[in-house]
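Below: one structure, written as C-alpha cells.
In what follows, residues are counted from 1 in the order of the sequence shown.
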Amino acid sequence: MHARPEDVAAVRRSLDEARLALADDEVPIGAVVLGPDGVVLGLGRNERERTQDPTAHAEVEALRAAASRLGRWRLDGCVLAVSLEPCPMCAGAAWLSRVDRVVFGAWNSEYGAAGSLWDVLRDRRLNHRPEVVGGVLADECSELLSGFFASRRAGDPGGAG
C-alpha cells in the first residue's frame with residue numbers, strides 16, 4: 001500500500017509526540033489515533049521510564065486515549081499512526097482495537113511486527129486485518145531514534161536533541 005497525504009501528516013504528528021518523549025528522556029516514539037473524519041482522538045508517547053510500566057508504549061497510550069474519548073474499545077474506522085513499526089504487543093493491541101489502518105515511519109528490525117520480523121497485523125488466521133502502510137517519513141523517524149541511541153552510547157544521559 002502507498003502512503004496518502006493524510007498518512008504523512010499523521011506520522012508527522014506522531015513525530016511531535018516522539019519529540020515530547022525525547023524531552024522526557026524516554027525512547028522517542030510517538031503515536032496518534034485519528035477518527036474516520038481525521039480528527040485526533042488519542043495521542044501517545046513512550047512513558048515506560050516515567051511510569052515504570054512495561055506496557056506504556058506510544059501505541060498503547062494512544063489507543064487507550066482514543067477508546068476513552070469515544071467511550072468504546074472498538075476503534076473501527078480509525079487510523080493508528082506511529083513513528084516506529086509496532087512491536088508484537090502493540091500490533092496485537094492495534095488488531096484487538098479493530099483499527100482500520102496502521103501507518104508507521106521507521107522499520108523496526110529488532111521487534112517489528114508489521115512486516116519486518118513478524119507480520120502480526122496481516123496474519124490470515126486473525127479475524128481482523130487492518131491495512132498496513134510502512135516507511136512513511138522513514139528517514140526522519142529513524143534519525144530521531146538513531147540520535148537518541150547514539151547519545152546513550154556516548155554517555156549523554158540527556159538524549160539527542
Side-chain angles (χ1 to χ4, degrees), residues 1-51 55-70 75-95 97-116 119-122 129-152 158-161:
M1 292 286 152
H2 295 286
R4 304 171 185 168
E6 58 268 25
D7 295 337
V8 174
V11 172
R12 282 200 193 288
R13 185 64 183 93
S14 76
L15 275 167
D16 292 341
E17 288 299 305
R19 289 183 188 100
L20 291 173
L22 179 64
D24 288 340
D25 205 26
E26 296 275 356
V27 176
I29 301 169
V32 60
V33 175
L34 302 172
D37 55 0
V39 170
V40 174
L41 298 175
L43 297 170
R45 59 183 176 265
N46 269 5
E47 296 187 1
R48 291 186 307 168
E49 296 300 325
R50 185 182 67 76
T51 63
T55 68
H57 288 207
E59 299 94 324
V60 171
E61 297 299 315
L63 291 166
R64 285 178 178 156
S68 178
R69 179 164 177 187
L70 291 175
L75 301 178
D76 50 299
C78 294
V79 174
L80 170 65
V82 62
S83 58
L84 179 67
E85 178 186 4
C87 71
M89 177 183 71
C90 295
W95 160 56
S97 70
R98 307 297 196 267
V99 296
D100 282 4
R101 301 179 78 233
V102 175
V103 179
F104 64 88
W107 293 93
N108 185 345
S109 62
E110 289 186 68
Y111 305 107
S116 288
D119 204 349
V120 170
L121 294 170
R122 291 179 282 213
R129 289 183 299 279
E131 179 183 342
V132 176
V133 179
V136 178
L137 300 175
D139 291 343
E140 189 174 344
C141 293
S142 293
E143 287 172 17
L144 185 62
L145 287 159
S146 296
F148 173 80
F149 288 114
S151 71
R152 290 296 171 121

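From Ser151, atom OG reaches atom CG of Leu22 across 7.5 Å, with rounding to the nearest 0.5 Å. Taking CG of Leu70 as the reference point, atom CG of Leu41 lies at 5.0 Å (rounded to 0.5 Å). Taken from SG in Cys90 to CD in Glu61, the straight-line distance is 9.5 Å, to the nearest 0.5 Å. Distance check, rounded to the nearest 0.5 Å: CZ of Arg129 to CG of Asp100 gives 13.5 Å.
The two residues Glu85 and Asn108 come nearest to each other via the heavy atoms OE1-N, 2.9 Å. Pairing each heavy atom of Trp107 with each of Ala114, the nearest pair is CZ3-O, 4.1 Å. For the pair Glu59 and Leu84, the tightest heavy-atom approach, listed with the atom from each and the gap, is OE2-O, 3.9 Å. For the pair Pro130 and Arg101, the tightest heavy-atom approach, listed with the atom from each and the gap, is CB-N, 4.1 Å. Across Ala81 and Ala10, no two heavy atoms sit closer than the pair CB-CB, 3.5 Å. Across all their heavy atoms, Met89 and Val60 have their closest contact at CE-CG2, 4.1 Å.
Applying the side chain to side chain donor-acceptor pair (under 3.5 Å) rule to Thr51 yields no partners; only residues at least two apart in sequence or on another chain are considered. By the side chain to side chain donor-acceptor pair (under 3.5 Å) test, Ser146 is found to be paired with no residue, residues two or more places apart in sequence or in another chain being considered. Every side chain to side chain contact (heavy atoms under 4.5 Å, CB included) that Leu20 has, sequence neighbours left out, goes to Glu17, Arg45. Scanning for ring-ring contact (aromatic ring centres under 6.0 Å, His included) contacts around Trp95 gives an empty result, with sequence neighbours left out.
For the side-chain contact (heavy atoms from CB on, under 4.5 Å) with Ser83, the qualifying choice from Asp16, Leu15, Asn46, Leu144 is Leu15, the only one to do so.
Residues Val132 and Phe104 have side chains in contact (heavy-atom distance under 4.5 Å, counting atoms from C-beta outward). Contact annotation: the side chain of Val79 never approaches that of Glu131 to less than 4.5 Å [non-hydrogen atoms, C-beta and beyond].
A donor-acceptor pair is defined here as one N or O able to donate and one able to accept, closer than 3.5 Å; such a pair exists between the side chain of Ser14 and the backbone of Val11.
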Kindly list each side-chain donor-acceptor pair under 3.5 angstrom involving residues 26-40, sequence neighbours excluded, with atom names and distances?
from: Glu26; atom 1: OE1; to: Arg48; atom 2: N; distance (Å): 3.3
from: Glu26; atom 1: OE1; to: Glu49; atom 2: N; distance (Å): 3.0
from: Glu26; atom 1: OE2; to: Glu49; atom 2: N; distance (Å): 3.1
from: Glu26; atom 1: OE2; to: Arg50; atom 2: N; distance (Å): 2.7
from: Asp37; atom 1: OD1; to: Val39; atom 2: N; distance (Å): 3.1

Side-chain donor/acceptor pairs under 3.5 Å, residues 133-141, sequence neighbours excluded:
from: Glu140; atom 1: OE1; to: Arg12; atom 2: NH1; distance (Å): 3.2
from: Glu140; atom 1: OE2; to: Arg19; atom 2: NH2; distance (Å): 3.1

(request) Apply side-chain contact (heavy atoms from CB on, under 4.5 Å) to the pair Arg122 and Val102, showing each step before the final yes or no. (result) CA-CA 11 Å; Arg122 291 179 282 213; Val102 175; over 6 Å; no
